Amino acid sequence: DEDTAGRGDRQFCLWNPPLLEVEPGQPSREDQNARKRARFGEREGGGAAPRLPPGAGYRTRGSSYDEAAWIVSQAARRGHRTVCFLQVRALVEIVLQAANKHLDDRPDLQGRIAGYRGGYAAVERRKLERRLFTGDLLCVFATNALELGIDIGDLDLTLHIGVPPTVASVWQQAGRAGRRGRPSTAILIAMDAPLEQHFCRNPEDFFSRSIEARLPDTSNELLLKGHMLCAAAELPPLSGTDANRWFGEVAKLQDELLREGRLVVQPVKPGMNTEAGVLMRVTQGKGRRPPKEEVSLRDIDPIQFQVVVRGNSHPLETLDQKLAYMRLHPGAIYLNQQTSYFVEELDLTKKIAWVIPRDSRKIEYYTECREHSVLVLAGGGVARAARLPSAELMAANTPVVRSGQATVHWNMYGFRKKSKKDHSIMDQVDLTLPAVEYPTRATWMDLPGVVLQPIAQEGSSVDRGGLHALEHAMMAMAPLCCDIEVSELSCQHTRRDSDPNRYFLLLYEHQKGGTGASEKVYKGWEDLVGQAVRLMEECPCDNGCPNCIVIPGCGDYNHGLDKRVALKIGRALGFGAASTVAARSSVTTVTTLESEECGAKESEIMEVEQKSSTIPRSPASQPTREAKRLCFGHLKAGGQTLCFDLD
């Protein structure tokens, strides 16, 4: 928690892109989203919970990538040496092109900005590193490949598009600038996502986070099986005593590997020491790879599918079993490096998806899988009474928070072909693929009838509307409350009448076998629910948006979410209060003195103050967008924390 590295003054800025403007006489952004939801609901057969295609109609703010491209171009014009970090490889080239467009009048500067990411040839990467170290390269767009292990010289500015997945990554990236005592600036450009918008409203929550203690879950049976086989192959014979000393109590795993024939018991010969227990060796079956080749450093799932183009032996990509079913099913349109492929066959025996390239301009549709998950909760585990703010509920019907083992039964039963033009359904195809079953861990709360019955009697959708939306908000706030990543958790996205847990407030670990996230969620359950309610209360939307409950990766494509019902459930448990929403908002004001020649001279920051108040944000109290954009030129003076909200 204490940084003793030598550096100069650092200015850290949270930069929020502007709200999308609505033309005079046009309906509000919220009304437009509601109309789109209704329109797509009619196309899919109506119902109380119409479906919206991924991302359509939900965007509320300008593009973070456009903002980053503009800032980099302005930094280049001023001679500031900059690195811009992105979280996705494919976006490096796109944002680089956008920055070059801003510099069409300066071809000399266009030659001094470049991209850097994994996938480039090693010779090309070394060349870019030398140019960056010597100062010949002024600005670079990079993934986390440039985060560690490379000396890139003296930088002035780091940009971060979206919040990095860990606190350690935030400060490691920001630490790339300001070496050798130089002053520096770090600008984090927020995405249109729940947690990032929460940080813009409450910057103190962002800066108060501590460095995570990320340790592997050594009780994960899938993880232990692979390592136990590696130990038996590298140190034969493996004794039962050594296995227990290195991996804990593994009698169950040992018996399972013996039954599968992966391990065999070595006969005891005269003179051998039998005090170490049973001795085991690995058996190398026909067509099976050595254990060290079966253990992946990137994915715990032992079942991996390769994507291979017909007529080519080199795989394009490797995906785990679930992702392969979702993206590589027969008839799917698969994208790789901006090239479209049609999936001809998914060979379940050889674990190969055969694809052929297609001209994306001639493909009028995209594919969307139809899936359903059922979670079977095992007995045992741990349980405790929930610590709720509601004294009445605590006295009468105290809910119980539980955590334990579970099994996920995931099934993909078909896919839809949807028009690229208007997202309407062109065709619906049924598929028969084996179900994917895997063990995991879950944490849940069985809500009492006094909480759910009044809401159900109003005719509201409690399970698919309210509980689903509340679970989304909890997942979004998990990194803040439980020191885990959003990608580690999932929820019951596709609730059906036959599902036994449809009325549980439930989160489970997305990784096979679990990573230990469920234990952290169990310990911080009440704080997590409270922060989720706070997130929804502070978001100004009425029906839900990407700033509160709409999240990427929802198994039901954010189908049927109901923010109002989610808030009713949270408040019935005693969390949140509509009257305190305004008092919680952290409003940051930035007063600037604009230059006479806008864009030629930089603005100077005259005053920065953070207040917690109920003062409404009026256009007159906000500096102009151009003035705010020009502020970054002088951010290095003073070591303050700024939050720019370009509304």
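The first residue of the sequence shown is numbered 1, and numbering continues consecutively from there. Since this is a predicted model, take the numbers as computed values, not measurements. In what follows, every heavy atom counts, from backbone to side chain, and hydrogens, waters and symmetry copies are set aside.
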Roughly how far, to the nearest 0.5 Å, is OG of Ser518 from CD of Gln511?
14.0 Å

So Leu470 and Leu505, do their side chains get closer than 4.5 Å, heavy atoms only?
yes

Are there over 12 heavy-atom neighbours, none belonging to Gln87, within less than 6.0 Å of that residue's CD?
yes

Hey, does Met477 have a side-chain heavy atom less than 4.5 Å from the side chain of Leu195?
yes

Thr443 side-chain N/O to Leu507 backbone N/O, donor-acceptor pair under 3.5 Å
no

Asp463: which residues meet the side-chain hydrogen bond (donor to acceptor under 3.5 Å, both in side chains) condition with it, sequence neighbours left out?
Arg502

Distance-only polar pair, side chains of Asn501 and Arg495, donor-acceptor under 3.5 Å
no

Evaluate side chain to side chain contact (heavy atoms under 4.5 Å, CB included) for Leu467 paired with Leu447, printing each intermediate quantity in order.
CA-CA 10 Å; Leu467 291 173; Leu447 301 177; 3.6 Å; yes

Flag, side chain of Gln197 to backbone of Cys548, donor-acceptor distance under 3.5 Å
no

Under 3.5 Å, side chain of Asn558 to main-chain N/O of Val550, donor-acceptor pair present?
no

Does Arg384 use its side chain to pair, donor to acceptor, with the backbone of Tyr522 at less than 3.5 Å?
yes

Quick one: pull up OH in Tyr508 and CG in Leu377 and give me the separation to the nearest 0.5 Å.
11.5 Å

So how far is it from Asn547 CG to Glu196 CD, rounded to the nearest 0.5 Å?
10.0 Å

Using 0.5 Å steps for rounding, measure from the SG atom of Cys539 to the CD1 atom of Ile549.
8.5 Å

Closest non-hydrogen contact found for Ile187 with Trp15 is CG2-CB, 3.7 Å

Walk me through whether Met326 and Trp410 qualify under side chain to side chain contact (heavy atoms under 4.5 Å, CB included).
CA-CA 11 Å; Met326 293 175 66; Trp410 181 85; 3.4 Å; yes

Table please: side-chain donor-acceptor pairs of residues 448-458 below 3.5 Å, with sequence neighbours left out.
from   : atom 1 : to     : atom 2 : distance (Å)
Glu458 : OE1    : Lys568 : NZ     : 2.7

Ignoring hydrogens, what is the shortest heavy-atom contact between Ala69 and Ala99? Give both atom names and the distance.
CB-N, 3.6 Å

Quick one: closest heavy-atom pair of Leu388 and Pro399, and the distance?
CD1-CD, 3.4 Å

Less than 4.5 Å apart, side chain to side chain, heavy atoms only: is that true for Tyr65 and Leu86?
yes

Is any side-chain heavy atom of Asp156 less than 4.5 Å from a side-chain heavy atom of Thr82?
no

Under 4.5 Å between any side-chain heavy atoms of Asp446 and Val400, yes or no?
no

Compare all side-chain heavy atoms of Glu67 with those of Pro18 and state whether any distance is below 4.5 angstrom.
yes

Can you tell me how the ring of Phe206 sits relative to the ring of Phe199, calling it parallel under 30°, perpendicular over 60° and tilted otherwise?
perpendicular

Quick one: pull up SG in Cys481 and CE in Met474 and give me the separation to the nearest 0.5 Å.
9.0 Å

Could you walk me through whether Gln531 and Asp205 pass the side chain to side chain donor-acceptor pair (under 3.5 Å) check?
CA-CA 11 Å; Gln531 289 286 6; Asp205 286 350; 4.9 Å; no

Kindly indicate whether the side chain of Arg10, heavy atoms from C-beta on, has any atom under 4.5 Å from the side chain of Trp171.
yes

Do side-chain atoms of Glu488 reach the backbone of Glu485 as a donor and acceptor pair under 3.5 angstrom?
yes

What closest approach, in Å, do Cys554 and His493 show between heavy atoms, and which atom pair accounts for it?
SG-ND1, 3.4 Å

Which class fits the ring pair Phe12 and His160: parallel under 30°, tilted 30 to 60°, perpendicular over 60°?
parallel

What closest approach, in Å, do Pro164 and Leu188 show between heavy atoms, and which atom pair accounts for it?
CD-CD1, 4.2 Å

If the condition is side chain to side chain contact (heavy atoms under 4.5 Å, CB included), which residues does His372 pass it with, not counting sequence neighbours?
Val374, Tyr413, Thr494, Arg496, Asp499

Heavy-atom pair of closest approach, residues Arg209 and Val170
NH2-CG2, 4.4 Å

With side chain to side chain contact (heavy atoms under 4.5 Å, CB included) as the test, would you mind laying out the steps for Thr440 and His510 before giving the verdict?
CA-CA 8 Å; Thr440 187; His510 192 267; over 6 Å; no

Go through it in stages, so that I can follow the logic: the residues are His468 and Cys491, the test is side chain to side chain contact (heavy atoms under 4.5 Å, CB included), and I'd like the CA-CA distance, side-chain angles, deciding distance and then a yes or no.
CA-CA 8 Å; His468 188 187; Cys491 68; 4.1 Å; yes

Got a second to check how far Glu537's CD is from Lys563's NZ, nearest 0.5 Å?
9.0 Å

Would you say the side-chain atoms of Ser64 pair up with the backbone N or O of Ala190, donor to acceptor, closer than 3.5 Å?
yes

Heavy atoms, side chains only, cut-off 4.5 Å: are Cys84 and Val72 in contact?
yes

